[in-house]
Amino acid sequence: MKKFNILVLGILISLMVSVNAFGMHIAEGFLPKEWCIGWDIIALPFIIYGYISIKKIVEKNPKSKLLLAMIGAFIFVLSALKIPSFNGSCSHPTGIGLGAILFGPAVTCLLGLIVLLFQALLLAHGGISTLGANVFSMAIVGSFVAWGVYKLSRKLNISTEISIFLGAFLGDLLTYVVTSIQLSICYPSEVGGIGASFIKFASVFAVTQFPLAISEGLLTVVIFRGLSKYFKEEISIIGFLNNKEETA
Amino acid sequence: MKKNIILIFIVIILAVIPLFINSNKEFGGADGEAENVIMEIDNDYEPWTESIWAPPSGEVESLIFALQASLGTGIIAFGFGYAIGKRKSDK
């Protein structure tokens with residue numbers, strides 16, 4: 001637990017220090033400084049909330065540690081897979097949906113940050129200056145959409161597996177819609193303004209992402225089927241705890 | 001199990017079809033294309049900061065991506081192995 005605290009602290013500090021440097025989905029240096037700082041400020045409370053929430057889950061339920069590591073690992077794997085898409089470019093799924101649905105959206109806010117930081121530092125994928133913006137679109141919006149859609153679908157009596165598919169699918173897709181919005185706010189077109197820019201960015205990101213979002217949904221269902229078989233106890237404990245707390 | 005195979009098969013199909021219907025395209029990254037859109041809208045824009053460190057070549061980059069994926073897969077595989085073993089010994 002101590003090591004974990006130090007790790008998280010380290011990440012938080014590097015987040016603060018790197019306030020004027022970030023990047024993963026939006027490349028390094030491609031957002032104006034004010035916006036970089038703005039997104040950092042918006043993302044920060046969610047990161048802290050995520051940290052507190054993970055700490056609580058682990059304290060209440062030491063058994064859930066392994067499961068937690070696995071959903072983090074799932075994000076790692078999926079965001080390393082650059083998959084070709086129908087419009088002739090490549091992108092990668094996010095893997096956020098699984099964790100958000102199982103543990104609640106707070107947890108994946110922090111896990112998403114870790115993956116984004118890894119890719120920004122070692123792969124020049126995304127960036128340190130754009131980290132806050134990318135955390136917001138992938139880890140925050142992605143998590144809350146996936147979790148919210150899953151909850152809603154379950155309320156509508158849609159089966160667990162289809163609800164998980166819908167959650168992961170829409171969480172992935174919305175991530176890139178938000179990325180497009182973030183870029184179009186900063187780069188309005190001369191003709192047509194933000195709306196026209198949004199269409200341009202969305203046609204790059206969201207269109208590429210559509211089939212990948214389907215893939216992400218399907219892969220999330222596959223891994224969930226495995227988890228629900230072999231981690232029944234852990235999932236039901238966390239699931240119940242979180243569902244009640246989060247909706248209350 | 002059968003269902004999992006079908007689902008994974010669909011994922012593979014979704015990734016492979018684009019390679020054939022768009023065989024003349026480059027399949028570069030969507031993030032790179034977004035940079036082009038930015039340049040198109042505001043052609044004076046210069047990124048105000050650069051990555052602190054970037055992989056020196058495509059090979060090194062693919063190494064790091066492979067590490068990222070294998071690290072994750074390792075943890076997931078360990079988890080399942082652990083759970084299956086535990087279940088067996090509990091019986």
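Note that the structure is predicted; figures quoted are calculated from it, not measured. Here is how names work: the chains are called A, B, and so on, in the same order as the sequence lines, proteins then strands, and each is numbered from 1.
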Honestly, the part of A:Thr208 sitting under 4.5 Å from a heavy atom of chain B is side chain
Tightest non-hydrogen contact, residues B:Thr73 and A:Val77, listed as N-CG2, 3.4 Å
Between B:Ser51 and A:His125, is any pair of side-chain heavy atoms under 4.5 Å apart? no
Requested in this report: Decide side-chain contact (heavy atoms from CB on, under 4.5 Å) for A:Gln119 and B:Phe65; before the verdict, give the C-alpha distance in whole Å, the side-chain angles of both, and the deciding distance to 0.1 Å.
Outcome: CA-CA 9 Å; A:Gln119 296 196 319; B:Phe65 268 116; 3.6 Å; yes
Practice prompt. Any chance you could lay out the side-chain contact (heavy atoms from CB on, under 4.5 Å) test for A:Leu122 and B:Leu67, step after step, and finish with the verdict?
Written response: CA-CA 11 Å; A:Leu122 295 181; B:Leu67 274 177; over 6 Å; no
If one checks every heavy atom of A:Phe231 against chain B at 4.5 Å, the contacting part turns out to be side chain
Do A:Phe201 and B:Ile38 have side chains that approach each other closer than 4.5 Å (heavy atoms only, starting at C-beta)? yes
For B:Ile75 and A:Ala69, the nearest pair of non-hydrogen atoms, with its separation, is CG2-O, 3.8 Å
- request: May I ask you to check whether over 12 heavy atoms, not counting those of A:Phe86, lie within 6.0 Å of atom CZ?
  value: yes
Greatest number of non-hydrogen atom pairs under 4.5 angstrom with chain A, of B:Ile17, B:Ile10, B:Leu7, falls to B:Leu7
| message | side-chain contact (heavy atoms from CB on, under 4.5 Å), that's the test. Do A:Leu121 and B:Trp53 meet it? Break it down for me. | response | CA-CA 7 Å; A:Leu121 291 175; B:Trp53 184 81; over 6 Å; no
Bottom line for A:Ile83: the part with an atom under 4.5 Å from chain B's heavy atoms is side chain
Note: vs chain B, highest number of non-hydrogen pairs under 4.5 angstrom among A:Leu31, A:Leu183, A:Ile214, A:Leu78 is A:Leu31
Whatever's closer than 4.5 Å to a heavy atom in chain B on A:Ile223 counts as both
Q. Do A:Phe76 and B:Ser70 have side-chain heavy atoms sitting under 4.5 Å apart?
A. no
When the 4.5 angstrom heavy-atom criterion is applied to B:Ile21 and chain A, the contacting part is side chain
Practice problem: Find out whether B:Met39 and A:Phe30 are in side-chain contact, i.e. whether some heavy atom of one side chain is under 4.5 Å from a heavy atom of the other. | Solution: yes
What one should report as the nearest heavy-atom pair of A:Ala124 and B:Ala54 is CB-CB, 3.6 Å
Whatever's closer than 4.5 Å to a heavy atom in chain A on B:Leu19 counts as side chain
Between B:Phe27 and A:Cys90 the two heavy atoms that sit nearest each other are O-SG, 3.4 Å
Most contact-rich option vs chain B, by heavy-atom pairs under 4.5 angstrom, among A:Ser85, A:Gly226, A:Pro32, is A:Ser85
Taking every heavy atom of B:Ile76 against every heavy atom of A:Ala73, the minimum-distance pair comes out as CG1-CB, 3.8 Å
Find out whether A:Val115 and B:Gln68 are in side-chain contact, i.e. whether some heavy atom of one side chain is under 4.5 Å from a heavy atom of the other. yes
Any side-chain heavy-atom pair of B:Phe80 and A:Leu227 under 4.5 Å = yes
Under 4.5 Å to a heavy atom of chain B? For A:Leu123 that would be both
In short, B:Ala83 meets A:Tyr230 closest at the heavy-atom pair CB-O, 3.7 Å
